[in-house]
Amino acid sequence: MRTGNIGAFKLTSVAAAYYKGDEKGPQLQRIYGTAFKNKTALDEYFKMIEEAKRRDHRKIGAEMGLFAIDTEFVGPGMPLWLPKGTVLVEELEKLAKETEFAAGYVRVRTPHLAKEKMYQTSGHLPYYAESMFPPMRLIDSGSHHTMIESGDTIHAETFQDILKDHRQKLDASLEANPDGDINKVTADFFSKLTPEQAKHYQNIASLSFVADLEKAAIGNEERYYLKAMNCPHHHRIFAAEPHSYRDLPLRLAEYGTCYRYEQSGELFGLMRVRSLNMNDAHIYCTEEQFADEFRAVNDMYLKYFKIFGLEKYQMRFSTHAAEGLGKKYVNEPELWKKTEDMVRKVLIESGINYVEVANEAAFYGPKIDVQVWSAIGREFTIATNQVDFAVPAKFGLTYRDKDNSNKTPLCIHRAPLGTHERFIGFLIEHYAGNFPLWLAPDQVRVITLNDDEALINYAKPIVAELRANMVRVDSDFSATPFKAKISNAEQLRVHTMLVIGGRDMEAGAVSVRLHHGGPQGAKPKGEVIADILASIKERRA
RNA sequence: GCCAAUGUAGCUCAGUGGUAGAGCAACGGUUUCGUAAACCGUAGGUCGUCGGUUCAAUCCCGACCAUUGGCUCCA
């Protein structure tokens with residue numbers, strides 16, 4: 001674009017950026033601005049930004065009482081689902097369970113913790129440790145295990161942190177200056193302790209320094225990690241029973257809660273969190289079955305896009321880069337190539353809209369991220385789909401094949417609805433909080449014109465019938481002025497308001513008002529109820 | 001984690017170096033009304049946390065915590 005094409009521009013913000021995108025490199029100050037051919041296009045762009053602000057999931061989430069983030073007592077990045085948000089969570093789970101049941105998945109449940117051995121075997125610790133919460137340590141102190149915590153007598157954790165820190169400094173110093181004085185480094189280290197560290201240190205200082213530090217560091221401790229992914233647990237479920245080729249494909253599904261230690265600056269409302277619920281499943285299959293399974297997963301994505309009215313999507317096919325082998329990626333160059341070719345073939349054959357990006361794969365295999373665009377045209381990476389050729393072998397997973405030999409299955413990780421957190425965050429913006437009836441936290445409210453007893457008696461059975469059919473319905477029979485009752489319901493984004501006055505009562509009708517459509521006129525009450533039930537059942541848009 | 005900005009009642013926001021206000025919401029009462037807001041009253045805040053300066057700090061300074069906008073990372 002030539003500068004002559006810039007007809008209108010506006011500065012937007014100031015921020016720092018890393019030189020050449022390297023986190024360890026120096027930072028530059030960056031001034032952001034945006035430019036368009038003319039004023040109209042510029043204004044349109046800012047209108048879109050305004051609209052996005054209006055639809056911000058944090059704002060609507062608070063207005064509708066969907067979720068809360070209690071940074072003081074629970075922690076940043078760990079949302080609490082309030083009752084109305086839980087409705088969304090459970091409706092999505094219901095959708096996923098139905099869809100997966102029809103597609104031949106079986107459900108499993110696993111704990112949130114596992115021993116260190118799990119993640120050493122899976123490769124998470126070598127490749128993924130910085131995204132995991134630090135371990136919980138159980139120390140074997142002879143006859144029993146003690147959870148390490150801070151306190152007067154238990155300071156092994158501090159102890160170990162100090163040791164680790166000390167060692168790093170010592171190593172760095174010795175590396176820089178091989179003839180350096182160890183005592184000097186140690187003295188320097190002590191001088192930099194905070195008073196609290198020093199206090200802990202005093203407790204152990206009477207012990208002979210190095211020997212006891214070593215003992216504490218190596219000691220018999222068992223480490224447990226919070227799971228960052230469900231796959232290792234699912235692999236152990238696969239391992240729990242012998243399998244034949246006749247069992248495959250085996251599709252294990254779980255809405256499991258995972259915990260990832262996202263850096264503080266990365267947290268963002270529901271979109272980037274530390275506790276996340278994944279619509280997860282792992283498909284164990286043979287190489288021959290891979291293409292069909294992969295296609296079926298893609299079909300599931302497309303089905304969901306239709307339900308949520310997503311017209312624009314793109315799959316980002318992330319492959320490895322040779323220079324990352326053994327560092328960012330498991331060191332299996334041939335398997336990488338073979339699997340990537342397999343995935344590429346399916347993508348091309350099924351006419352999926354995709355782009356290929358190098359060097360963004362998961363550590364255990366190529367990855368497909370699903371990008372969708374919300375109603376106002378903002379892009380979200382919502383779901384993921386990964387192939388794992390490495391980890392099943394590390395866990396020694398096998399099935400008995402036709403020729404009586406043991407073979408390692410392939411594993412497809414897939415999460416079409418991604419995480420509840422991000423998916424719901426996306427849906428809030430996509431719908432601007434005006435959810436379709438089947439999803440709406442407040443589906444129906446029955447409102448009487450006033451608190452006349454006859455009206456209430458006419459309205460009550462309608463509420464009861466809806467409730468008996470699992471409709472989320474409530475009522476407002478109060479003496480509050482009618483217009484205010486309507487306004488209250490509108491502000492809550494109640495999807496359908498059933499208004500009842502004398503005229504309706506006489507005609508055996510109710511007057512329907514839709515949150516997103518205004519008054520719809522009076523209709524026979526039986527018809528209205530039937531239509532509500534059908535709309536929910538069919539998950540109408 | 002890094003750079004920057006921000007943090008006053010449940011929400012939206014005023015305000016001041018001399019221990020804080022409004023609207024909405026909440027609660028109590030009055031109001032009987034056909035599709036987005038009736039009226040009166042009551043209650044509600046350690047002014048993010050901890051330190052410092054000062055006779056005196058919500059206000060000035062520092063550290064920390066959190067959020068936001070980016071960077072890096074990612075579902």
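Throughout, a chain's letter reflects where its sequence line sits, starting with A, and its residues are numbered from 1. Predicted model only: the values in this text are computed from it and were never measured.
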State whether [X] and [Y] are salt-bridged, where the test is any N-O pair (Lys NZ or Arg NE/NH1/NH2 against Asp/Glu carboxylate O) under 4.0 Å.
{"X": "A:R493", "Y": "A:D442", "result": "no"}
{"X": "A:R472", "Y": "A:E91", "result": "yes"}
{"X": "A:E100", "Y": "A:R414", "result": "yes"}

Between [X] ([atom1]) and [N] ([atom2]), how many Å, whole number?
{"X": "A:E490", "N": "B:U35", "atom1": "CD", "atom2": "P", "answer": "13 Å"}
{"X": "A:K53", "N": "B:U12", "atom1": "NZ", "atom2": "P", "answer": "14 Å"}
{"X": "A:M132", "N": "B:G1", "atom1": "CE", "atom2": "P", "answer": "18 Å"}
{"X": "A:E360", "N": "B:C73", "atom1": "CD", "atom2": "P", "answer": "8 Å"}
{"X": "A:I456", "N": "B:U32", "atom1": "CD1", "atom2": "C1'", "answer": "11 Å"}
{"X": "A:Q263", "N": "B:G70", "atom1": "CD", "atom2": "C1'", "answer": "14 Å"}
{"X": "A:M78", "N": "B:C65", "atom1": "CE", "atom2": "P", "answer": "15 Å"}
{"X": "A:Y301", "N": "B:A75", "atom1": "OH", "atom2": "P", "answer": "11 Å"}

When you get a sec, tell me which of [options] is the closest nucleotide to the side chain of [X]?
{"X": "A:P481", "options": "B:G1, B:C73, B:U31", "result": "B:U31"}
{"X": "A:Y261", "options": "B:G1, B:U31, B:G34", "result": "B:G1"}
{"X": "A:V499", "options": "B:A75, B:C71, B:U35", "result": "B:U35"}
{"X": "A:P76", "options": "B:A38, B:A75, B:A66", "result": "B:A66"}
{"X": "A:S487", "options": "B:U32, B:A36, B:A66", "result": "B:A36"}
{"X": "A:H515", "options": "B:A36, B:A75, B:A38", "result": "B:A36"}
{"X": "A:I486", "options": "B:G1, B:C73, B:U35", "result": "B:U35"}

Side-chain donor-acceptor pair present, A:N277, A:T419, cut-off under 3.5 Å: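 A:N277 vs A:T419: no donor-acceptor pair found between side chains.
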
Residue pair A:E429 / A:S374, side-chain donor-acceptor N/O under 3.5 Å: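 Distance-only check passes for A:E429 and A:S374.
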
With a 4.0 Å cut-off on heavy atoms, is [X] in touch with a base, just the backbone sugar-phosphate, or nothing at all?
{"X": "A:V370", "answer": "nothing"}
{"X": "A:G521", "answer": "nothing"}
{"X": "A:N488", "answer": "nothing"}
{"X": "A:T480", "answer": "base"}
{"X": "A:Q491", "answer": "base"}
{"X": "A:L267", "answer": "sugar-phosphate"}
{"X": "A:G502", "answer": "base"}
{"X": "A:E262", "answer": "base"}

Contacts of type salt bridge (charged side-chain N to carboxylate O under 4.0 Å, His left out), residue A:D531, not counting sequence neighbours: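 Partners of A:D531 by the salt bridge (charged side-chain N to carboxylate O under 4.0 Å, His left out) criterion, ordered by chain and then number, come out as A:R540.
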
Close aromatic pair by centroid cut-off 6.0 Å: A:H413 and A:Y364: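 Yes, close enough.
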
Centroid separation A:H420 to A:Y255 less than 6.0 Å: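 Yes, they do, as the ring centres are separated by less than 6.0 Å.
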
Of residues 377-390 of chain A, the positions that come close to RNA chain B - non-hydrogen atoms, cut-off under 4.0 Å: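 A:T381, A:I382, A:A383, A:T384, A:Q386 - these, ordered by number, are the residues of the stretch whose heavy atoms sit under 4.0 Å from the strand.
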
Base [N] paired with [X] side chain (donor-acceptor, <3.5 Å):
{"X": "A:R422", "N": "B:C74", "answer": "yes"}
{"X": "A:E266", "N": "B:U72", "answer": "yes"}
{"X": "A:S511", "N": "B:U35", "answer": "yes"}
{"X": "A:T419", "N": "B:A75", "answer": "yes"}
{"X": "A:D451", "N": "B:U32", "answer": "yes"}
{"X": "A:R272", "N": "B:C73", "answer": "yes"}

Canonical and wobble pairing (Watson-Crick, G-U, under 3.5 Å) of RNA chain B, dot-bracket with |: (((((((..((((....[..)))).(((((.......))))).....(((((..]....))))))))))))....

[atom1]-based separation of [M] from [N] [nearest Å]:
{"N": "B:A66", "M": "B:C61", "atom1": "P", "result": "22 Å"}
{"N": "B:A5", "M": "B:A9", "atom1": "P", "result": "23 Å"}
{"N": "B:C13", "M": "B:U68", "atom1": "P", "result": "15 Å"}
{"N": "B:G10", "M": "B:G44", "atom1": "C1'", "result": "10 Å"}
{"N": "B:C27", "M": "B:A43", "atom1": "C1'", "result": "7 Å"}
{"N": "B:U58", "M": "B:G51", "atom1": "C1'", "result": "16 Å"}
{"N": "B:C40", "M": "B:C64", "atom1": "P", "result": "50 Å"}
{"N": "B:A14", "M": "B:A38", "atom1": "P", "result": "27 Å"}

Comparing A:D452 and A:R260 on RNA chain B - which has the more 5′ nearest nucleotide: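 The residue closer to the strand's 5' end, by nearest nucleotide, is A:D452.
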
Which residue lies more 5' along RNA chain B, comparing A:E130 with A:M505 via nearest heavy atoms: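 Nearest-nucleotide comparison on RNA chain B picks A:M505.
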
Where at least one partner belongs to residues 61-81 of chain A, residue pairs that pass ring-ring contact (aromatic ring centres under 6.0 Å, His included), sequence neighbours excluded: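 ring-ring contact (aromatic ring centres under 6.0 Å, His included) check on residues 61-81 of chain A returns no pairs.
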
Summary of ring-ring contact (aromatic ring centres under 6.0 Å, His included) pairs that have at least one residue in residues 474-524 of chain A, sequence neighbours excluded: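 Residue pairs with at least one partner in residues 474-524 of chain A: there are none.
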
Presence of [X] side-chain N/O under 4.0 Å of [N] phosphate oxygens OP1/OP2:
{"X": "A:R513", "N": "B:G34", "answer": "no"}
{"X": "A:K367", "N": "B:C74", "answer": "no"}
{"X": "A:R58", "N": "B:U67", "answer": "no"}

Derivation and outcome, ring-ring contact (aromatic ring centres under 6.0 Å, His included), residues A:H430 and A:F423: CA-CA 10 Å; A:H430 182 60; A:F423 199 81; 9.3 Å; no

Within 45° cone and under 6.0 Å: A:R274 NZ/CZ vs A:Y259 ring: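 Verdict for A:Y259: no cation-pi partner in A:R274.
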
Worked check of side chain to side chain contact (heavy atoms under 4.5 Å, CB included) between A:I428 and A:F435: CA-CA 8 Å; A:I428 292 170; A:F435 296 103; 3.8 Å; yes

Residue pairs involving residues 500-519 of chain A (criterion salt bridge (Lys or Arg N to Asp or Glu O under 4.0 Å); sequence neighbours excluded):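 For residues 500-519 of chain A, and leaving out neighbouring residues, the salt bridge (Lys or Arg N to Asp or Glu O under 4.0 Å) pairs sorted by first residue read A:E490-A:R513.
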
